[in-house]
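Owing to the predicted nature of the structure, the values given are computational and were not obtained by experimental measurement.
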Amino acid sequence: MSALLIRSIAAAEFEGHYRLGQFWPRAGRVVAQDAFTTDEWAVLTADPRLHIGPAPDEAQVEAGAKVDSLKARVRAAISQLEPGDFDADGQPKLGAVKERLPDEARKITAKLVAEVWAEIARPT
């Protein structure tokens, strides 16, 4: 029995997406291929807010979940920034984001903040 990873690629402000009465988180969820009928798989694969691919090993799934969780906390921190916490280009200042997440400051990089900001600022 093969397994697949199904993850939400819904808009950045959402942590996941519901389909077929189940929640599909941005971090993904591994399911067996025989977990759904052919018709249910058709519904899942047709949904543009879901990505279905091969299931990585358990360590990769756990690492991905941690990254998505940190991204969610960075997103929340950015939403709390004051006008002075942005640079001249309108980008969140790295130091300001780290100040709001002191326990995770060493994990927060300029690249991560830029990725999260790009998701937030992306026009819909």
**Q** Got a second to check how far L70's CG is from L112's CG, nearest 0.5 Å?
**A**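 Going from the CG atom of L70 to the CG atom of L112 covers 5.0 Å.
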
**Q** Of all heavy-atom pairs between P92 and L81, which one has the smallest distance, and what is that distance?
**A**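 So the minimum-distance heavy-atom pair works out to CB-CD1, 3.6 Å.
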
**Q** Under the rule for salt bridge (Lys or Arg N to Asp or Glu O under 4.0 Å), what residues qualify as partners of R100, not counting sequence neighbours?
**A**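 Salt bridge (Lys or Arg N to Asp or Glu O under 4.0 Å) check on R100 returns D85.
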
**Q** How long is the straight-line distance from CZ of R49 back to CH2 of W24, given to the nearest 0.5 Å?
**A**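 Reported value, rounded in 0.5 Å steps: 14.0 Å.
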
**Q** Which is it for K93 and D87 under the salt bridge (charged side-chain N to carboxylate O under 4.0 Å, His left out) test, yes or no, and what are the steps along the way?
**A** CA-CA 6 Å; K93 292 179 181 175; D87 65 21; over 6 Å; no

**Q** Determine whether L20 and W41 fall in the same hydrophobic cluster, where Ile, Leu, Val, Met, Phe, Trp and Tyr are linked whenever their side-chain heavy atoms lie under 4.5 Å apart.
**A**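 Yes; W41 is reachable from L20 via cluster members.
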
**Q** So, using side chain to side chain contact (heavy atoms under 4.5 Å, CB included) as the criterion, who are the partners of D103 when residues are at least two apart?
**A**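 With sequence neighbours excluded, D103 shows a side chain to side chain contact (heavy atoms under 4.5 Å, CB included) to no residue whatsoever.
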
**Q** Would a hydrophobic clustering, with Ile, Leu, Val, Met, Phe, Trp and Tyr connected at side-chain separations under 4.5 Å, put V43 with F36?
**A**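 Yes.
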
**Q** What closest approach, in Å, do F86 and I78 show between heavy atoms, and which atom pair accounts for it?
**A**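 The pair with the smallest heavy-atom distance is CZ-O, 4.5 Å.
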
**Q** Let me confirm one number: the CG-CZ distance from L44 to R19, rounded to the nearest 0.5 Å.
**A**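 One gets 8.0 Å once the value is rounded to the nearest 0.5 Å.
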
**Q** How about R29 and Q22: do any of their side-chain heavy atoms sit closer than 4.5 Å?
**A**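 They are in contact (side-chain heavy atoms under 4.5 Å apart), so the answer is yes.
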
**Q** To the nearest 0.5 Å, what is the distance between CH2 (W117) and CD (Q91)?
**A**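 Spacing of CH2 (W117) from CD (Q91) equals 7.0 Å.
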
**Q** For E104, give me all partners under side chain to side chain donor-acceptor pair (under 3.5 Å), at least two apart in sequence or on another chain.
**A**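 Scan of E104 (side chain to side chain donor-acceptor pair (under 3.5 Å), adjacent residues dropped) gives R73.
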
**Q** Between V31 and Y18, is there shared hydrophobic-cluster membership here, with clusters defined by ILVMFWY side-chain heavy atoms closer than 4.5 Å?
**A**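 They do not share one cluster, since no chain of ILVMFWY contacts under 4.5 Å joins V31 to Y18.
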
**Q** Can you check whether T37's main-chain N or O pairs, donor with acceptor, with E40's side chain at less than 3.5 Å?
**A**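 At least one qualifying donor-acceptor pair exists.
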
